[in-house]
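What follows is a set of notes on a single structure, which appears directly below.
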Amino acid sequence: MNTAIKSSRLPGSTGSSVLRRGLLGRATFGHRRVAREELDTLGYDAWLDRQLEPDSVADGDLDVRLAPYPWLGRTPSELRAQFTGGGWALSEGSKAVRLLRATYSERQLFERVVDLWNDHFNVPFTAQDANYLRPYHERHVIRAHALGKFPDFLWAVMRSPAMGAYLDQDSNLAGDPNENFARELLELHTLGEGNGYTENDVREVARCFTGWGYVRHWQSGEFGTFRFDPALHDDGPKNVLGHALPAGGGEADGAIVHRILSRDPRTARMVAFKIARTFLGQEAADGQVMLPTGESILDRLVRIYLGTGGDIRAMVREALSQGTLTAVAPWRRRKLKAPFHFAVSLLRATEARVTSPTTAIYALEGLGQVPFEWPDPDGYPDDVDSWAGTLAPRWKFASNLLNGWASWADVDAADLSALCAGAGPPHWGRCVSAVLTAGEMEPGDVAQVQSFVNQSSAPGAADLIGAFELGASSPSFQTY
């Protein structure tokens, strides 16, 4: 029998085992046998450091799965030339690729961070020209900067044609400024809502970005590239957050705004808040969890931002360090998985084969969370109240997948039995715990699964499937 099946949950585990499983639950989209074995082999720090250098992690299996999407590296101009009629296939393909990356990539921590930034700098496929602009934005803005320096990231976002198209930069003109981009830049991307800026600051920032846009298909130049038009720029003097900008600044007005915002301690706190909430939970993000030094985890992350020039990798490293995870003990303050996270974690744990990624998107629609479809600039929510009503659809999703009723994926009783390494019915409760949660399932949940199995006089394949359904519906699996 697999030794993981014999292991008890946290109270009976060693401290290092608790930390490793806690790390795996936060630095990945869900437990998977190969990832667990790799973490146990490398040890906590070596595994974390390796994940923080994603280019060093081979990802051949994912590369094979992404081969049907050769357009991933192409420019907006090339995409528009190839995909006529609006490029709907690019939207559907991008969502399928997101599912594949989250499920199968060995660079799991990177994909988790990408998910964080896709919501922080949300650009849905509903924006104008998004089918052509957003795939490039994903590659050259989000993924290129996800673990880099936040000021560089912010600059790329400011000049992103996809973001500009979504937030109406094409109608931000001298004499008639559109405040959409400026407002979200201050409220969502940097300082935080109501955090010391005024409506006048919003107007002044909007003036700074007049004339910023992208080359449209009827204009000269390469479609989908950044464009500054000095004829549309308000070149008068401005005042942003107490900083006087003289007249005649031109495109440099936006660069000055970038410098002001990227160095502001309020921006540092916003970034720290998002990282802490994603990986450690709301209490840590609110500054309520303290390190042994007497410093809150949030303040520690803010200090790293300010001391490193906004090094995201360093902040994530600290958030997931052994000392921080020990202080937070997130297994005692578990977060409800968002629907996408839940779906991917089940696919990963059961080692399901996604045979039709595009069709799988329709299953995610039933859960209420499809990549790149949140219509508002704030991105998908990260709180229990927003997702508590999705539990019934999750149970249906698990039932369809595990019973072989999903046309887009393949997993059966023989696969589940193999994951149990031959364990018989008396051990199926612990098997489900080991497979789905690396042995972290609450004892009460394990007992319920085993009780379900024991109700059958001769447990068989259907009972094993039912045991996994029950485990996937348990509070232990719904949270992390």
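Since the structure is predicted, the reported quantities are computational estimates derived from the model, not experimental observations.
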Phe228 and Trp212 aromatic ring geometry - parallel, tilted or perpendicular at 30°/60° bounds: perpendicular
By ring-ring contact (aromatic ring centres under 6.0 Å, His included) - contacts of Phe397 (at least two apart): Trp408
For Glu187, salt bridge (charged side-chain N to carboxylate O under 4.0 Å, His left out) partners two or more places apart: none
Cationic N near anionic O, under 4.0 Å, Asp129 to Arg134: no
Residue list, ring-ring contact (aromatic ring centres under 6.0 Å, His included) with Tyr166, at least two apart or on another chain: none
NZ or CZ of Arg20 within 45° of Tyr44 ring axis and under 6.0 Å: no
Distance-only side-chain donor-acceptor flag, Trp71 / Gln82, under 3.5 Å: no
Results of side-chain hydrogen bond (donor to acceptor under 3.5 Å, both in side chains) for Arg333 - residues two or more places apart only: Glu283
Presence of salt bridge, Asp286 and Arg277, under 4.0 angstrom: no
Qualifying ring pair (Phe, Tyr, Trp, His ring centres under 6.0 Å) pairs, either residue in residues 246-272, two or more places apart: Trp155-His258
side-chain hydrogen bond (donor to acceptor under 3.5 Å, both in side chains) evaluation trace for Arg394 with Gln478: CA-CA 9 Å; Arg394 295 174 193 227; Gln478 297 289 337; 3.1 Å; yes
Glu92 and Thr358 side chains, donor-acceptor separation under 3.5 Å: no
Pair Ser171-Asn178, side-chain hydrogen bond (donor to acceptor under 3.5 Å, both in side chains): steps then yes or no: CA-CA 6 Å; Ser171 60; Asn178 183 304; 3.2 Å; yes
Qualifying salt bridge (Lys or Arg N to Asp or Glu O under 4.0 Å) pairs, either residue in residues 70-82, two or more places apart: none
All side-chain hydrogen bond (donor to acceptor under 3.5 Å, both in side chains) counterparts of Thr479, not counting sequence neighbours: Arg334
Leu62 side chain reached by Arg101 side chain, heavy atoms, under 4.5 Å: yes
Pair Phe209-Met158, side chain to side chain contact (heavy atoms under 4.5 Å, CB included): steps then yes or no: CA-CA 9 Å; Phe209 287 102; Met158 288 176 167; 4.0 Å; yes
Under the side-chain hydrogen bond (donor to acceptor under 3.5 Å, both in side chains) test, residues paired with Lys337 that sit two or more places apart: Ser345
Inter- and intrachain pairs under salt bridge (Lys or Arg N to Asp or Glu O under 4.0 Å), touching residues 352-364, at least two apart: Arg353-Asp410, Arg353-Asp415
Counterpart residues, salt bridge (charged side-chain N to carboxylate O under 4.0 Å, His left out), relative to Arg227 (two or more places apart): Asp229
What side-chain donor-acceptor pairs closer than 3.5 Å can you find for residues 145-154, not counting sequence neighbours?
unit_1, atom_1, unit_2, atom_2, d
His145, ND1, Val141, O, 3.0
Lys149, NZ, Thr308, O, 3.1

Check against side chain to side chain contact (heavy atoms under 4.5 Å, CB included), Leu241 and Leu191: CA-CA 11 Å; Leu241 298 167; Leu191 304 183; 4.0 Å; yes
Side-chain donor-acceptor contact under 3.5 Å, Ser105 with Asp59: yes
Electrostatic pair Asp61-Arg65, nearest N-O below 4.0 angstrom: yes
Residue pair Thr103, Phe29: steps toward the side chain to side chain contact (heavy atoms under 4.5 Å, CB included) verdict: CA-CA 7 Å; Thr103 304; Phe29 272 102; over 6 Å; no
Presence of salt bridge, Arg143 and Glu111, under 4.0 angstrom: yes
Pairs flagged by salt bridge (Lys or Arg N to Asp or Glu O under 4.0 Å) wherever residues 249-264 is involved - sequence neighbours left out: Arg159-Glu251, Lys238-Asp253, Asp264-Arg266
Test side chain to side chain contact (heavy atoms under 4.5 Å, CB included) applied to Glu179 and Glu184, step by step: CA-CA 9 Å; Glu179 297 177 2; Glu184 307 309 346; over 6 Å; no
Atom pair OH/OG of Tyr305 and Ser262 - distance to nearest 0.5 Å: 5.5 Å
Steps toward ring pair (Phe, Tyr, Trp, His ring centres under 6.0 Å) verdict (Trp331, Tyr480): CA-CA 7 Å; Trp331 45 86; Tyr480 70 105; over 10 Å; no
Pair Asp311 + Arg317: basic N to acidic O under 4.0 Å: no
Gln128, CD atom: more than 12 neighbouring heavy atoms under 6.0 Å: yes
